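To start, the structure under review is shown below, and the notes come after it.
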Amino acid sequence: MDSYDFKDLESKWQTQWDTSGLASCDINSSKTNFYNLCMYPYPSGDLHMGHIRNYTIGDVITRYKQKKGFNVMSPMGWDSFGLPAENAAIKTGIHPKKFTEERIANMKEQIKRLGSLYDWDREVAAHDKDYYKWTQFLFIKLFENDLAYKEDAPVNWCTSCKTVLANEQVIEGCCERCDADVEQKNLNQWFFKISEYSEELLKGLDEIGDWPSNVKAMQENWIGKSQGAEFSLNILDTELKFSVFTTRLDTLYGMTFAVLAPEHIVIDKILDISPNSDEIKEYIRNSKLKSEFERMSISKKKTGIDTGLFVSNPINGEKLPLWVADYVLVNYGTGAIMAVPGHDERDYEFAKVYNLKILQVIIDENHSINIDDKPFTDRGILINSGEYNNLKSHEESSVEILKHLTMNGIGEKKTTFRLRDWLISRQRYWGCPIPVINCSKCGLVAESLDRLPVLLPEIDDYKNSKDSPLAKSKDFVNTSCPNCGTESKRETDTMDTFVDSSWYFLRFLDSNNINLPFDKEIINDWLPINQYIGGVEHAILHLLYSRFFVKALRDIGMLDVSEPFHNLFSQGMINFGGTKMSKSKGNVVDPESYFATHGADALRLYILFMAPPSDGVEWNDGGIEGTKRFLNKVWDNFEKLSLLEIKNQHEEDLEIIRKINQSIYSITKHLDKFEFNTAVSDLMKINIELTNFLGNSTAISQETKEYITFNICTLLYPFAPHISSEIYYLNTNQNIADFTWPEFDEANLTNPTFELVVQINGKKKHTIIIDTGTTKEEAEKICEIEFQIEKKNYKKIIFVEDKIINFIG
RNA sequence: GCCCGGGUGGCGGAAUUGGUAGACGCGACGGACUUAAAAUCCGUUAUUCGAAAGGAUGUGGGGGUUCGAGUCCCCCCCCGGGCACCA
């Protein structure tokens with residue numbers, strides 16, 4: 001039996017918070033702003049434990065910061081464009097809009113049932129025309145500022161979703177969404193120039209607030225800065241030349257051949273003159289048949305084809321063969337390399353396959369290393385390198401050789417990045433239409449702003465085949481050029497849904513603005529977001545794209561901040577049966593049933609208590625029983641407390657007052673450090689103290705009673721807001737939400753006594769309870785009296801006040 | 001291979017940052033209440049020797065620093081996550 005009726009009580013308080021507008025944020029308040037944001041969800045229809053964890057953490061922060069006197073902004077909305085609704089439409093014929101909005105309604109109910117505070121007046125949904133109108137507006141701004149462009153490029157094509165994907169959405173050669181193979185296709189597609197911001201995106205990571213180190217590391221890896229040099233190679237007996245990029249200029253004397261990627265543009269010209277043209281064509285055809293994953297897999301034996309042509313090594317004029325091989329990637333560096341098999345594992349492997357010359361130009365200090373079995377990639381000194389012999393490898397010699405190349409106009413210092421431009425076109429229906437018109441006279445023209453939004457057309461069949469589904473609507477496709485009025489055709493692709501989520505946090509701040517996506521002053525006032533909370537799965541995609549978006553909008557002049565998210569917190573995943581919960585595995589634990597059986601407060605407490613919030617954790621059904629029991633005990637304790645007689649003096653109450661004071665100190669500290677599991681444990685401890693106090697008391701002073709009630713209810717409030725509100729109201733007729741967070745009394749943190757540990761030669765021998773602040777001399781005396789430890793028998797005595805005494809002998 | 005995290009009872013996890021390892025919770029065992037069960041309450045619960053008092057061992061393994069190490073330093077092993085033919 002439960003001590004209290006959590007169902008009625010929770011719904012009562014949720015209504016109270018709703019009607020009193022506890023979550024609504026007045027952006028003009030005189031208090032200090034605190035923008036606390038949980039990542040808005042894709043409306044899958046059902047809340048899962050990951051959402052619960054995310055939104056519980058977010059709400060703890062919201063309520064805590066409100067009590068700390070901040071003007072807290074905590075909005076919520078929907079990442080509501082995307083494939084599931086469209087796939088459902090293909091299957092069942094239900095319109096994606098209807099499908100999506102039903103799920104939003106359902107999910108919103110569940111979120112409310114958790115009791116989290118959200119300013120629903122600011123709610124946005126990516127699929128809403130009043131939202132995507134502004135997504136299109138921002139696209140046009142990027143287009144006008146040369147940050148969006150359309151280009152023919154080799155792109156990733158998911159064979160199952162039948163759409164192109166961004167590099168970030170390809171995991172080990174497969175589609176991150178459906179796991180199907182991803183092919184390379186040459187298509188004309190829209191890109192955002194994120195690569196223009198590579199350096200700034202990298203640097204920003206050092207200037208940003210508190211982010212998990214792994215997320216920073218993942219972004220660093222993804223941006224992949226690499227510093228080196230670029231120089232050109234002439235193809236002998238021709239006018240042709242091409243550039244290569246290297247980070248190991250120090251190994252230039254060890255270059256024994258050069259390699260072009262099969263897609264390298266110079267190959268077209270080589271085909272006219274190479275004695276092996278047919279073989280090269282055949283090789284290129286074959287490597288195009290391979291999937292990206294196949295080509296990239298390291299285990300595969302390297303292949304290539306000799307062009308029969310030669311290049312000359314710019315440092316010594318040596319004549320070296322030119323090969324084509326698909327272990328060289330066209331879209332990294334220059335798509336061509338100088339091959340140094342003696343000091344590069346990949347080149348070594350390739351040289352072994354085709355019996356190419358391997359030359360050692362670096363040796364270790366002891367001159368003992370040779371390259372008979374494997375290349376030498378470590379540091380050492382140069383040999384066989386002309387005037388550079390005996391220089392240190394890597395930096396020193398690279399600098400010297402670079403000087404030579406630069407002076408002779410052959411090469412220059414160069415930094416490359418792994419990050420490539422963001423491919424945003426999707427050949428799908430349920431997304432934001434790209435607001436561009438293809439005019440036969442004017443070329444690609446942005447839709448005029450007064451004709452926005454470009455509405456998604458109604459179509460009968462959502463399947464995409466060769467073209468995007470939008471191409472099926474003649475009314476949609478055929479339009480006039482906003483420039484010259486000529487009959488023209490619209491773009492039929494929609495945008496990657498990550499475009500929608502790259503700016504939703506801006507719209508929240510000004511969601512009802514009908515003239516602009518947002519007001520610049522409001523954004524400057526509220527950004528960066530003080531605390532952003534979400535899953536680590538967005539470490540690269542969403543977080544990198546959003547950072548880019550804010551920087552781009554800054555350069556366009558729409559806002560004045562450089563980073564959207566100051567502090568980031570990534571909560572760990574909740575697993576069940578050893579793996580990630582998922583419908584396909586049938587191991588989903590449904591949060592909704594716990595609302596009915598245990599209540600929102602118990603679920604919130606358990607999800608916080610089960611592990612440090614950044615750790616992954618296994619769902620355990622028994623655990624939630626524990627937090628439920630705890631809440632029942634708190635309830636019972638306050639019933640007992642209310643029955644105590646009131647007396648005047650309160651000397652007996654000093655201990656419980658001190659314990660509560662210690663809890664204020666400890667819980668505040670844990671909250672500031674996101675240590676919610678230990679904060680909940682502190683709440684359990686103080687309740688045990690209260691139980692003990694009540695067991696020994698028949699009467700209490702009014703003052704103590706109020707102190708206990710106010711502080712325990714306040715400390716509990718961010719974690720279990722319903723029950724704490726109810727208890728406080730029953731005892732005082734007041735709303736706990738109206739009061740500020742308690743300050744602890746610095747002077748009343750230490751206990752009057754403590755347990756002294758008595759060690760002999762570092763081993764614990766006794767413990768004894770003595771007064772706090774006991775001096776070394778007094779402690780020695782106590783040890784002599786109590787344990788017959790005589791000071792004179794020991795060489796040295798270590799004493800740490802209020803902790804330990806150690807006799808060394 | 002490279003980059004981030006981690007490794008503490010049967011389980012989830014604590015440990016004031018160098019000072020009693022195992023808080024808090026789950027589970028288990030014993031007891032009370034009950035005709036009985038559930039719920040609740042009380043107790044025990046790192047391992048090991050011992051009837052007990054008490055002793056020994058113990059934070060992945062091995063070394064080191066220190067009066068004292070889960071915590072600091074060096075070497076190694078294992079697990080989770082990310083990236084990976086990036087020149």
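Predicted model only: the values in this text are computed from it and were never measured. Just so we're on the same page: letters track the sequence lines, and every chain starts at 1.
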Phosphate contact ([N] OP1 or OP2) by [X] side-chain N/O below 4.0 Å:
X	N	answer
A:Arg629	B:G27	yes
A:Thr416	B:A87	no
A:Ser213	B:G5	yes
A:Lys796	B:C67	yes
A:Lys763	B:U57	yes
A:Asn677	B:A14	yes

Of the listed nucleotides ([options]), which one gets closest to any side-chain atom of [X]?
X	options	answer
A:Trp222	B:C24, B:A87, B:A84	B:A84
A:Ala611	B:G68, B:A87, B:G12	B:G12
A:Phe609	B:C67, B:U20, B:C24	B:C24
A:Thr767	B:G25, B:U20, B:A14	B:U20
A:Val757	B:U20, B:G25, B:C41	B:U20
A:Lys765	B:A56, B:G19, B:C24	B:A56
A:Lys633	B:C24, B:C41, B:A15	B:C41
A:Arg418	B:A87, B:C83, B:C26	B:C83
A:Tyr327	B:C85, B:U20, B:G25	B:C85
A:Lys803	B:G12, B:A87, B:U16	B:U16

Atom-to-atom span, [atom1] of [X] to [atom2] of [N] - whole angstrom:
X	N	atom1	atom2	answer
A:Ile686	B:A23	CD1	P	18 Å
A:Tyr606	B:C11	OH	P	15 Å
A:Trp619	B:C11	CH2	C1'	16 Å
A:Ile574	B:G12	CD1	C1'	13 Å
A:Glu780	B:C67	CD	P	18 Å
A:Asp250	B:A87	CG	C1'	12 Å
A:Lys225	B:C83	NZ	C1'	19 Å

Does any nucleotide pair with [N] by Watson-Crick or G-U wobble geometry, both distances under 3.5 Å, and what is it?
N	result
B:A39	none
B:U65	none
B:G1	B:C83
B:A56	B:U47

TODO: Look only at the side chain of A:Tyr665 and the backbone of A:Leu749, and say whether a donor-acceptor pair between them is shorter than 3.5 Å.
DONE: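 It does not hold such a pair.
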- [ ] Determine yes or no for a side-chain-to-main-chain donor-acceptor pair under 3.5 angstrom, with A:Lys216 supplying the side chain and A:Leu205 the backbone.
- [x] yes
- [ ] Test for a donor-acceptor pair under 3.5 Å between the base of B:C83 and the side chain of A:Asn221, counting only N and O atoms.
- [x] no
Task: Base of B:C4 paired with side chain of A:Lys216 (donor-acceptor, under 3.5 Å) - done: no
Open item on the list: Could you tell me if A:Lys302 sits above the aromatic ring of A:Phe350, with its cationic atom closer than 6.0 Å to the ring centre and no more than 45 degrees from the axis?
Closed with: no
Side chains of [X] and [Y]: do they bring a donor and an acceptor to under 3.5 Å?
X	Y	value
A:Glu395	A:Ser398	no
A:Gln662	A:Asn748	no
A:His598	A:Glu625	yes

Taking [M] as the reference, what is the distance to [N] when you measure between their [atom1] atoms (whole Å, please)?
N	M	atom1	result
B:A56	B:A21	P	13 Å
B:C79	B:G68	C1'	31 Å
B:G10	B:G5	P	29 Å
B:G30	B:G13	C1'	26 Å
B:G19	B:G25	P	25 Å

Task: Derivation of the side chain to side chain contact (heavy atoms under 4.5 Å, CB included) call for A:Tyr283 and A:Asn286 - done: CA-CA 5 Å; A:Tyr283 179 76; A:Asn286 278 335; 5.5 Å; no
Task: First of A:Asn806 and A:Gly626 reached from the 5' end of RNA chain B, by closest nucleotide - done: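 Upstream on the strand: A:Gly626.
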